[in-house]
Amino acid sequence: MAAFSLLQVPSWRRVLALSLFCLLLATALRAEADQKFMIAAANPLAAEAGRDMLARGGSAVDAAIATQMVLTLVEPQSSGIGGGAFLLYFDSETKELETFDGRETAPAAVTETHFLKSDGSRKKFYEAVVGGGSVGVPGVVALLAKAHQDHGKLPWKDLFEPAIKLAEEGFLISQRLHYLLDRDKYLKTKAAAATYFYNVDGTAKLEGTRLKNPALAATFKKIAEGGAGAFYYGEIAKAIVETVRGDNQNPGLLTLEDMTNYNAIKRKPVCAPYRTHHVCGMGPPTSGGITLLQALRILETWDMPTINPGSAEAIDLIAQASALAFADRGKYLGDGDFIDIPIKGLLSEEYLGARAKLAKPGESPLPFQAGTPVKKQGSLGLDNAIELPSTSHFSILDSMGNAVSMTTSVENVFGSRLMAGGFILNNQLTDFSFSPTSEDGPVANRIEPNKRPRSSMSPTMVFDGDGNLEMIIGSPGGSRIIGYVLKTIIASLDWNMDMQTAIAMPHFINRNGSLDLEADTPLADLQPELEAMGHDVKVRTLNSGLHGIRITDSGLDGGADPRREGVVLSGSAE
Ligand code: GLU
């Protein structure tokens, strides 16, 4: 079993940290040989809803729908039917991987100055986030309906039962939900959210308070009965549009036509080999898949399995590989239906081999410039989208061996802070670059009518050389998602950590700038050593929400991020 190297003279802090870590390791060994299905999700009630569908013989997609509906209710800060998502589906029979894009779209009426003030300067982030101007057409319901059409086993309407029951009977506000309600300045400024989440004196409802949401129960019933059409065509769509356009502070441009025009899209996955494995993710409009694969392929240059996990050497190499990938991300990635993305070039062995040579192990030359993956590339500028962590990820394996990896988001914590039909509306449009152009030309991720904002969400699956599924993984965390998933994959594949240990391993993140080390972990002690290598080190809280499953010879091995409230549940179908 791998452990972290604590390079310098042991101090009491290190000894304490190491003992805690070993304890974690000991409790984390959970390969479950007799279990046929498994779900890892960010909230116990949501995971239970998914588990119940799996126990009834439902498919991974059935479980994903039940889980997402409950998350809409119990984790409204992160995801819901007012948001967007990406879903990977692996079919165990055909051994095919399908990817579904349920990303929000910009209203048809937006212009490229959407996030600029009248003097041409960029709006401040929260000025743009809060209110209707940031709301894109939600994609989650269309995505789930499409996936269910192809891969559902249980009736659509049954999948809403757990969420309807909980919305009617109420659920207990969790510690994290209360904490986020308490510290949010904006949510209580919006009437619907203020009444639902706060007391009359403006204080946040306490942890343990039973919260009922009859409006959401009614919304769920309509979608359960009427399918996705009830969301995009009927009263729900009307309520969304009225809320967005009627916001008095920052009205949006969404129309009923935007709602009815929405389509979830099946896209080609992006895949690349990593040592003996095959790693697959979601293609554009998320940058997650391509950036993760670029970093992994660059890391193939070094013999990662022989490098000490958590050592300054390992962190330096992973940081430089990640920084190289992020340099390209800023320039080339966005919605591939609007811009020409040189995916093949960006992932080619030759190009990445050349990129890897720019890294200088032990003497960080950061930041890197974007490369030139194809000879004739129009001039593109760097973007300045800001991404902050909320979002949720769940991983599911059903008893037939089919799997779902889904990352789902309302973008910022509580999205735009607007609610319609009992759920939060996203602020996903602020994932576009606020400036449409930069010195070098138009920005790939600039806002345009009907376009999808670039994401960092990285739902991922790993396969062995024979195409057998080995791992399902993903995380929230804004653009740090990519680094969280990258570390976990290396820890698991190269350093043989079980899923829980790989997830819990302290984070180190580089997005082609500072090197973030996770505060209050032994890694923070490596600051001086990494600074001596030329890194601009920042020790900070890194709030991932990794949820993963490994399929091993000895059984299923699940992990839920100790940094959030998630759980792993498993069982055998009835
Ligand atoms: N909106 C971000 C994205 O799509 C995710 C935000 C988060 O993880 O908190 O990449």
Side-chain angles (χ1 to χ4, degrees), residues 37-56 58-85 87 102 140-141 143-144 147-148 154 158-178 180 207 210-213 216-217 219-220 223-224 390-398 403-410 413-415 422-424 457 459 472-476 544-549 558-571:
F37 64 73
M38 189 171 263
I39 174 166
N43 176 284
L45 295 167
E48 278 164 25
R51 191 251 336 253
D52 290 352
M53 298 307 155
L54 295 170
R56 283 190 217 172
S59 71
V61 165
D62 294 331
I65 296 167
T67 302
Q68 176 65 84
M69 293 311 142
V70 175
L71 284 174
T72 306
L73 177 73
V74 302
E75 206 197 23
Q77 68 270 27
S78 296
S79 80
I81 57 174
L87 182 151
V140 161
V141 176
L143 172 148
L144 292 174
H148 185 260
L154 300 176
D158 294 6
L159 308 172
F160 290 75
E161 279 165 11
I164 292 171
K165 188 163 188 283
L166 274 170
E168 281 176 341
E169 293 176 3
F171 69 99
L172 303 185
I173 292 182
S174 73
Q175 192 256 331
R176 184 172 165 81
L177 175 54
H178 168 73
L180 293 170
E207 178 185 350
R210 183 168 292 277
L211 201 55
K212 295 184 185 172
N213 191 336
L216 186 55
T219 296
F220 284 149
I223 306 171
S390 64
T391 308
S392 208
H393 177 87
F394 48 85
S395 294
I396 304 174
L397 182 78
D398 68 27
V404 161
S405 183
M406 175 158 160
T407 313
T408 172
S409 176
V410 290
V413 181
F414 303 107
F423 57 90
I424 289 283
M457 294 194 275
I472 314 164
I473 188 75
S475 179
S544 57
L546 289 147
H547 295 102
I549 300 173
D561 203 319
R563 301 163 187 87
R564 297 210 183 188
E565 297 175 325
V567 292
V568 180
L569 300 176
S570 58

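Predicted model only: the values in this text are computed from it and were never measured. For this chain, numbers begin at 1 and follow the sequence in order.
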* Intermediate values then yes/no, side-chain contact (heavy atoms from CB on, under 4.5 Å), V568 and I39 -> CA-CA 6 Å; V568 180; I39 174 166; over 6 Å; no
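- In this structure, V410 and G80 approach most closely via the heavy-atom pair CG1-N, 3.9 Å.
- For the side chain to side chain contact (heavy atoms under 4.5 Å, CB included) test with L159, the passing option among V61, L154, L144, D52 is L154; the others fail.
- Taking CZ of F37 as the reference point, atom CG of L569 lies at 8.5 Å (rounded to 0.5 Å).
- With rounding to the nearest 0.5 angstrom, the CG atom of L216 is 5.5 Å from the CD1 atom of I81.
- To the nearest 0.5 Å, the span separating NZ on K165 from CZ on F171 amounts to 15.0 Å.
- Taking the side chain as every heavy atom from C-beta outward, F414 and I424 approach each other to under 4.5 Å.
- By the 4.5 Å heavy-atom criterion applied to side chains, S405 and H393 are counted as neighbours.
- Side-chain polar atoms of S78 and S392 form no donor-acceptor pair below 3.5 angstrom.
- Annotation for S475 and L546: closest pair CB-CD2, 3.5 Å, computed over non-hydrogen atoms.
- Without hydrogens or angle criteria, S79 side chain to T391 main chain gives no donor-acceptor distance under 3.5 Å.
- T72 is listed as a side-chain neighbour of F220, based on a closest heavy-atom distance under 4.5 Å.
- Remark: side-chain polar atoms of D398 are paired, donor with acceptor, to backbone N or O of A60 under 3.5 angstrom.
- The minimum heavy-atom distance linking M457 with A85 is given by the pair CE-CA, 4.5 Å.
- With sequence neighbours left out, the side-chain hydrogen bond (donor to acceptor under 3.5 Å, both in side chains) criterion links E565 to S174.
- One finds a salt bridge joining R56 and E161 here, because a Lys/Arg side-chain nitrogen approaches an Asp/Glu carboxylate oxygen to under 4.0 Å.
- Shortest non-hydrogen contact noted between R210 and G170 is NH1-O, 3.0 Å.
- Contact of the E169 side chain with the K212 side chain is not registered, since no non-hydrogen atoms from C-beta on lie closer than 4.5 Å.
- In this structure, the side chains of L177 and E75 stay at 4.5 Å or more apart for every pair of heavy atoms.
- Here the closest non-hydrogen pair linking A49 and V70 is CB-CG2, 3.6 Å.
- A distance of 4.0 Å separates CD1 in I549 from CD1 in I472, rounded to the nearest 0.5 Å.
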* To do: Could you walk me through whether M38 and I396 pass the side-chain contact (heavy atoms from CB on, under 4.5 Å) test, one step at a time?
  => CA-CA 6 Å; M38 189 171 263; I396 304 174; over 6 Å; no
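- Rounding to the nearest 0.5 Å gives a distance of 4.5 Å between NE2 of H148 and CG of D62.
- With L45 as reference, L166 is the one residue of L73, L166, L71 to meet the side chain to side chain contact (heavy atoms under 4.5 Å, CB included) rule.
- Once rounded to the nearest 0.5 Å, the distance linking CZ of F394 with CE of M406 reads 4.0 Å.
- Two residues are said to be in side-chain contact when any heavy atoms from C-beta on lie closer than 4.5 Å; I223 and M69 fail this criterion.
- Looking at heavy atoms from C-beta onward, P76 lies out of side-chain contact with F423 at the 4.5 angstrom threshold.
- Here D561 pairs with S544, R563 under the side-chain hydrogen bond (donor to acceptor under 3.5 Å, both in side chains) rule; sequence neighbours left out.
- Using a 4.5 Å cut-off on side-chain heavy atoms (C-beta onward), E48 and P162 make no contact.
- Heavy-atom minimum distance, A46 versus T67: O-OG1, 3.5 Å.
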